[in-house]
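Just so it is clear, the structure is predicted and the values come from calculations on it, not from any experiment. These numbers come from the heavy atoms of this one structure, side chains and all, not from hydrogens, waters or symmetry mates. Note on naming: letters A, B, ... go to the chains in the order of the sequence lines (proteins, then strands), and numbering restarts at 1 for each one.
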Amino acid sequence: MSVPTHVRLRAYRVGFGDCLLLTVTYDQPVDGRSQRHVLVDFGTVSAAQPGPSLAQVARLITEHTEGTLDAVVATHRHRDHIGGFGNAAAQQALSVLSPALVIRPWTDVPGDGTAQGLGLAETSVVASLRQLQEQARDVAFLAFDSSRAATRAAQLAELGFANPEAVSFLEEWSRPPSRAEYVKAGTRLDVAQVVPGVTVDVLGPPTLASVPDLAHYAKDSAEYWLRLAEQQRLPEMFAAPAPSARRQAREFLAPPDGVGAAAWLLDSLERAGVAQGFELIQALDDVLNNTSVVLLLTIGDRRLLLPGDAQVENWSYTLDAVLGPDGGPAPSARSAAGRLRRALANVDLYKVGHHGSRNATPRRLASQVWAARTTPLTSVMSTKAAVFGSTAQGAVPKAQLVSALQALGPVHSTDDLAPGVWWFDVGSPTTGPAAFTYQAGPPQP
Amino acid sequence: MAPRFSEAGGPSSRSIAKVGEPQAAGDIQEAPLNRVIAVPGWVGLPDADQLNLLVHDTVAMTILAQDVSVTADGRPVTAALAVPAERLQPGPRGHRFHVVDVAAGTSTAQAPVRLTDPGDAWTYRDHWRSPAPDPSAQRGQSAPADLAADRDFRAQNVFAVAAHTLHVFERCLGRPIPWHSGYPHLFLVPQARLEANAFYSREHNAVLFGWLPAVGELPALYTALSYDVIAHEVSHAILDGLRPHYTDPGLPDQLAFHEALADLVAMLSVFGIAGVAETLLAPSGTGGYLSRVSLSADPAKRAEELLRTPLTRLAEQIGRRRKLSALRASGELRPFTSWATDPVYAEPHRRAEILVAAFLHTLAAMWSERIGVFRRVRGAMDTERVAEEGTTAAEHLLGMLLRSLDYLPPVELEFADVVDSILTADQRVAPDDKHHYRDALAREFARWGIVPPSHSMLDEDGNRTSNAGDGTATEPGPYEPDPDASPPVVPGTGPRIRYEHLNLVSLRSSPEAVYGFIWNNAGLLEIDVRLDTVVERVISSTRVGPDGLVVHESVADYVQRVRVTGGTLPAGMRQPAGLGGDEPVTLLGGGVLVFDQFGRFRLHQRKPVLDVERQNRRLDYLVTNRIRGRDGYGSSDGAGDVRRFQLLHTDEEW
């Protein structure tokens with residue numbers, strides 16, 4: 001039986017997006033091939049400058065896979081993760097590939113999800129997510145504090161809401177004889193036929209355990225905003241005020257004639273910019289990020305953690321399980337959760353979540369799970385600075401996170417590649433101590 | 001049983017109606033500190049809904065005692081809450097609160113709500129407490145959703161709970177409390193934003209409450225309907241008026257205290273609602289007349305039982321409503337001391353859990369002590385009496401905490417100062433501590449490693465008081481003492497406080513006069529007036545102790561600032577890694593001077609600006625966490641509300 005001997009993760013320079021190719025090398029050929037390839041995401045919202053076009057990246061993928069891609073993971077439906085699959089020129093290059101396995105989150109299930117055994121709450125979310133696309137057009141009517149916030153909201157809306165070409169391309173790939181897996185946290189995928197010797201544990205996205213109660217509304221509840229969107233009620237609640245509204249509010253609330261004491265408050269609220277249009281769009285954006293597939297791959301002695309853009313809420317399912325609930329006891333070492341904690345603690349390679357944003361690598365992961373590591377953790381980050389987050393607080397990638405990861409081991413970023421270099425990879429033997437070596441691709445002419 | 005109502009610190013013991021008893025027409029004279037009456041639906045006498053605001057001290061307003069989703073017999077649990085009586089304008093608007101119903105961002109305005117008769121701002125009418133003869137006509141009898149949907153009721157609810165909360169603080173401190181803004185009113189905006197969150201905003205001089213419209217089977221959610229949310233946020237606003245520097249960049253204890261105080265006021269307020277303690281002790285179906293609760297004969301074990309069942313359960317119930325509430329986990333914590341250096345507890349919300357937990361343990365110990373004399377029958381005690389004692393203990397503890405607020409140092413607060421100030425303030429108003437509450441408090445806090453510093457108190461003769469401190473001696477400062485500040489040498493006597501050249505009347509109200517006092521006594525007070533020293537506030541208070549002892553005092557706060565750079569830190573201070581030599585650093589210190597009614601100096605509670613050990617810890621914390629303002633490290637940076645109270649990013653974020 002063939003055994004993996006080497007693992008390599010290649011990160012393409014797509015700017016603000018993810019495109020990663022996992023290559024497993026075997027001691028003896030499997031069905032005549034000594035390597036297996038898994039593509040994890042392919043998209044960007046802001047290409048690297050200078051850098052390859054999506055079509056050029058697609059051609060590199062076909063070249064690096066030697067025309068045979070075994071599996072593809074589309075972690076979630078944001079454009080910076082799947083947009084490449086919808087790009088016409090890239091599609092042309094990719095069309096020679098026909099992966100045997102397509103892995104997507106349960107929230108992307110085609111149809112209403114009942115065929116896949118989803119519960120009522122889950123099918124409701126699936127239906128709502130589908131509506132988001134239509135909601136994109138409402139964005140223009142929402143209230144924003146500034147044109148900058150409005151622009152940013154439009155960016156976010158476009159990022160998440162409109163990727164039908166990419167989705168249909170992936171669904172084309174999913175047709176039999178290929179296999180489609182719509183995964184959820186807590187499961188182990190059978191990939192023995194596709195990438196033998198690799199164990200794939202799914203850590204996210206979680207399913208909705210129950211309909212959220214009052215305490216878990218809104219920001220804690222993706223479902224709430226989705227359902228509001230579904231009912232077409234967003235514009236009415238977040239709409240920018242008519243020019244006369246402010247004057248009327250004053251006359252109403254600050255007698256006499258709008259110059260009374262409450263006028264100060266109305267002015268103060270207006271000056272501070274507390275319009276919530278942007279927050280809403282951001283909440284919906286978080287909804288999509290939290291549908292990210294989170295995978296823990298075990299290949300020999302190597303462990304790779306690939307979390308897509310999963311944010312804290314998505315992570316909490318796994319972290320609460322392995323660390324014990326807030327303030328509660330940690331699970332015993334011999335329980336399944338205890339074993340998972342050990343596996344997470346021993347991850348050798350981490351694909352930095354959400355391009356290095358502040359809320360996609362939970363602090364608990366670094367401070368509790370990885371704190372006692374004695375071996376280095378290699379991090380791979382696919383990002384582009386200064387695209388999102390204009391303040392130090394909101395910057396992506398976030399400096400504090402990068403420093404914390406650097407304290408654990410090397411951090412390799414696509415943003416640090418020399419001009420003209422379109423990819424780098426990190427590779428390691430699958431047995432013995434982790435020894436990931438970094439290699440940058442050749443400069444392009 | 002000890003007298004219950006006078007212990008709360010009110011001027012005298014007053015009557016209060018209990019559930020099922022008829023209430024005196026309209027007026028709850030002076031309820032115990034924190035007591036409201038739970039009334040499923042409504043109980044009262046005819047005409048109780050109408051009140052002349054001119055002739056009553058307080059007015060009973062119907063509010064929602066618990067979350068609208070909690071019902072008794074299918075009806076919302078409402079309560080009559082004592083609110084100071086005053087002329088009421090539409091809003092409602094009294095002289096301290098102004099309800100303004102506007103949606104931030106969209107400027108959607110709703111008409112101000114009138115709680116008084118049209119054309120008569122002095123006649124209040126409680127529409128949700130209408131006459132008994134036809135109970136079905138009462139609006140309070142409606143289904144929870146109907147009551148929540150009544151915008152007028154929501155306006156009354158938020159106004160009444162806010163006004164009551166302020167009233168509780170003011171009674172304990174014996175004086176009116178200003179808002180940070182200096183304006184007489186704090187705005188309450190009941191539907192400010194679409195979110196399941198509420199927050200106090202200093203910038204807007206307002207509490208902005210979030211709400212969410214109903215969707216599908218999820219009912220609408222109004223945070224302005226939740227007693228604990230309102231009490232929590234208004235407590236933030238009150239503390240910001242009392243101690244504005246607690247949100248300046250500093251050690252995490254300060255912000256943690258903000259959270260802990262707000263949480264404790266919220267929780268102890270709910271605990272004070274009649275019936276709540278009883279329900280928690282004997283959950284539904286097991287309570288009722290003659291119900292009994294099993295409790296150990298051993299006081300320590302009994303305290304643990306009380307902590308585990310009613311207190312932790314309530315803390316969790318309330319804590320779940322707020323995303324980062326210290327209440328959520330604090331009930332589960334058991335005493336440990338390593339939190340002080342544990343990075344997990346460096347985050348203010350997590351740190352607040354420690355303080356809240358120490359208070360919950362104290363409450364359990366006080367409660368256990370109070371019921372020690374009760375007869376146990378087959379290991380069980382009468383539930384109602386146990387519950388009553390619990391509410392009394394909670395009221396007493398809340399009173400101890402709130403009365404101490406004026407004694408807290410105005411800057412650089414640490415948890416040790418909290419226990420120190422409580423013990424000192426309580427000693428002043430209740431010298432005879434017959435239930436040994438102070439011992440219980442000191443003992444329970446010591447189990448968490450929170451021990452009053454022995455160096456911070458100085459009595460009227462300049463002697464250090466012999467409290468149960470940690471024995472920490474004042475460390476020598478980085479600079480030689482001011483040679484010109486020594487007290488005059490009077491043959492035959494030791495150094496003592498000098499009152500020469502002082503106008504004792506001015507000393508009660510004038511910062512300049514207090515500065516004159518400091519100037520003449522700088523050496524003895526160990527206040528180095530060569531440094532930037534400002535007396536920020538002088539206030540007078542009249543407090544009544546649980547045994548009726550009336551204490552008149554003047555309290556003056558002073559603040560000292562030393563502005564240096566990373567390269568010119570005072571001797572003994574370390575320059576943390578990451579702090580540039582040219583980076584401005586502001587060191588803060590200050591204290592409280594307490595004078596009695598005759599203008600005599602009584603106490604000095606201080607946080608020396610040149611306490612090198614503390615300043616090193618503070619600077620390390622600020623630099624490590626990159627808490628840097630526009631003017632460098634340690635100065636108030638005008639970062640606005642987000643940093644102050646919203647603290648919205650979770651402890652999982654970077």
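- Residue A254(A) does not touch chain B at all, counting heavy-atom pairs closer than 4.5 Å.
- Looking at A206(B), the atoms closer than 4.5 Å to chain A (heavy atoms on both sides) all sit in the side chain, from C-beta outward.
- Summarising the geometry, atom OG1 belonging to T108(B) is positioned 10.5 Å from atom CZ belonging to R246(A); distances are rounded to the nearest 0.5 Å.
- Using a 4.5 Å cut-off on side-chain heavy atoms (C-beta onward), P112(B) and L253(A) make contact.
- A heavy-atom distance below 4.5 Å is not found between the side chains of N205(B) and L265(A).
- Annotation for E203(B) and S268(A): closest pair O-OG, 3.6 Å, computed over non-hydrogen atoms.
- To the nearest 0.5 Å, the span separating CZ on F252(A) from CG on D101(B) amounts to 9.5 Å.
- Considering all non-hydrogen atoms of both residues, A261(A) and R93(B) come closest at CB-NH2, 3.4 Å.
- The distance from atom NE2 of H204(B) to atom CH2 of W264(A), rounded to the nearest 0.5 Å, is 8.0 Å.
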